[in-house]
Q: 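Have a look at this one.
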Amino acid sequence: MNSEIALFLIQDGLTNGAIYALLALALVLVFAVTRVIFIPQGEFVTYGALTLASLQLGKLPGTAWLLLGAGLAVAAVELVVALRQGAARRIPTIVLNYVIIPAALLWLTWWAAPQKPALTLQILLALALVVPLGPMVYRLAYQPLANASVLVLLIISVAVHFAMTAWAWCSSAPKARVRRLSPTRNGNWEYSIFPARVFG
């Protein structure tokens, strides 16, 4: 082994170590605040990648429909709670946040996907579709059982993990699952002693 291979191995080790450290930190922080061992956090990363790959193929990603479906489910739950509490003034906010905005994002994605906008816009659109799913999943799956034991919350996390994995496989285009995403930059760059090449 020469020094170049050693440097590549060190770089790979540092990159993977940083990813595992961030994953562990996220698990600990979420558990410390909510008592939930949040197993499906990797699905959100997968949804982001699949959404971006679908947009680069010019196809409507399945996460747009998932966002609308989750929004309708959360809206139904929140409307029942609001009506039971006699808080009818919350209804317009609920409808705006959980029905109108997801429907607008679905329409925007349906309109923009075939046009294949710039990569920055695709990334922003993918984030707009995936990020709101986190609070919606929490509202539907975890908040009703907030006072349950840690074991029950772990079982719910496993169930959410399987449901989100199944949705990812069923809703994403097969080509999106094997597509190599376009790079954000082309060329060579050097950081300290680690040279790298980015191919387009």
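Note that the numbering runs from 1 along the sequence shown for the chain.
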Q: Would you give the length of the straight line joining atom NE2 of H161 to atom CD of Q41, rounded to the nearest 0.5 angstrom?
A: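 CD of Q41 is found 12.0 Å from NE2 of H161.
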Q: With clusters defined by side-chain heavy atoms of hydrophobic residues (ILVMFWY) lying less than 4.5 Å apart, directly or transitively, does L133 cluster with L72?
A: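 Cluster IDs for L72 and L133 match.
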Q: Compare all side-chain heavy atoms of M136 with those of L67 and state whether any distance is below 4.5 angstrom.
A: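 M136 reaches L67 side chain to side chain.
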Q: So do V158 and F162 actually touch side chain to side chain, heavy atoms under 4.5 Å?
A: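 A side-chain contact under 4.5 Å exists here.
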Q: Please round to the nearest 0.5 Å and tell me the distance separating atom OG1 of T46 and atom CH2 of W167.
A: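 Spacing of OG1 (T46) from CH2 (W167) equals 15.5 Å.
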Q: Less than 4.5 Å apart, any side-chain heavy atom of L7 and any of E4?
A: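 No. Closest side-chain heavy atoms not under 4.5 Å.
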Q: Please tell me whether L27 and L153 are part of a single hydrophobic cluster in this structure, the criterion being side-chain heavy atoms less than 4.5 Å apart.
A: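 No; tracing contacts between hydrophobic side chains, which count when under 4.5 Å, never links both residues.
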Q: Quick check on the hydrophobic clustering: are I19 and L14 connected, directly or via other members, by side-chain heavy-atom contacts under 4.5 Å?
A: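 In one cluster: no.
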Q: Can you name the one residue among P117, P114, P61 that meets side chain to side chain contact (heavy atoms under 4.5 Å, CB included) with L55?
A: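 Passing option: P61.
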Q: Give me the one residue out of L52, T51, L108 that meets side chain to side chain contact (heavy atoms under 4.5 Å, CB included) with L129.
A: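 The single option meeting the side chain to side chain contact (heavy atoms under 4.5 Å, CB included) with L129 is T51.
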Q: Q56 and Q122: which non-hydrogen atoms are nearest, and at how many Å?
A: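 Q56 and Q122 have their closest heavy atoms at CG-OE1, 3.0 Å.
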Q: Within a 6.0 Å radius of atom CG on N16, are there more than 12 heavy atoms belonging to other residues, nucleotides or ligands?
A: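 Check passes, neighbour count above 12.
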Q: What's the spacing between S149 OG and I155 CD1 if we round to 0.5 Å?
A: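 With rounding to 0.5 Å, OG (S149) is 7.5 Å from CD1 (I155).
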Q: Please name the pair of heavy atoms, one in F44 and one in M164, separated by the smallest distance, quoted to 0.1 Å.
A: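 Closest approach of F44 to M164, heavy atoms only: CZ-CE, 3.7 Å.
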Q: Determine whether I39 and V152 fall in the same hydrophobic cluster, where Ile, Leu, Val, Met, Phe, Trp and Tyr are linked whenever their side-chain heavy atoms lie under 4.5 Å apart.
A: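 No, no single cluster joins them.
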Q: Any ring-ring contact (aromatic ring centres under 6.0 Å, His included) involving residues 124-145? Give me the pairs, sequence neighbours left out, ordered by first then second residue.
A: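 Pairs touching residues 124-145 that pass the test: F38-Y142.
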Q: With rounding to the nearest 0.5 angstrom, report the CZ to CG distance, F31 to L154.
A: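 So the gap between those two atoms works out to 9.5 Å.
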Q: Give the cluster check for W65 versus W111: same hydrophobic cluster or not, with ILVMFWY residues linked at side-chain heavy-atom distances below 4.5 Å.
A: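 Yes, because W65 and W111 connect within a single hydrophobic cluster, where side-chain heavy atoms sit under 4.5 Å apart.
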Q: Without swapping roles, check the side chain of S157 against the backbone of I37 for a donor-acceptor pair under 3.5 Å.
A: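 Pair found, side chain donor or acceptor close to backbone of I37.
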Q: Look up atom CG in L121 and atom CD1 in I123, then write down how far apart they are to the nearest 0.5 Å.
A: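 L121 atom CG to I123 atom CD1 measures 9.5 Å (nearest 0.5 Å).
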Q: Could you give all pairs that pass the salt bridge (charged side-chain N to carboxylate O under 4.0 Å, His left out) test and reach residues 120-138, with sequence neighbours left out?
A: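 For residues 120-138, and leaving out neighbouring residues, there are no salt bridge (charged side-chain N to carboxylate O under 4.0 Å, His left out) pairs at all.
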Q: What is the minimum heavy-atom distance between A113 and L60, and which atoms define it?
A: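 Smallest heavy-atom distance, with atoms named: CB-N, 4.2 Å.
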Q: Side-chain donor-acceptor pairs under 3.5 Å in residues 79-107, sequence neighbours left out?
A:
residue: R90; atom: NH2; partner: E78; partner atom: OE1; Å: 2.7
residue: N97; atom: ND2; partner: T93; partner atom: O; Å: 3.4

Q: Less than 4.5 Å apart, side chain to side chain, heavy atoms only: is that true for R139 and P144?
A: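 Sidechains of P144 and R139: in contact.
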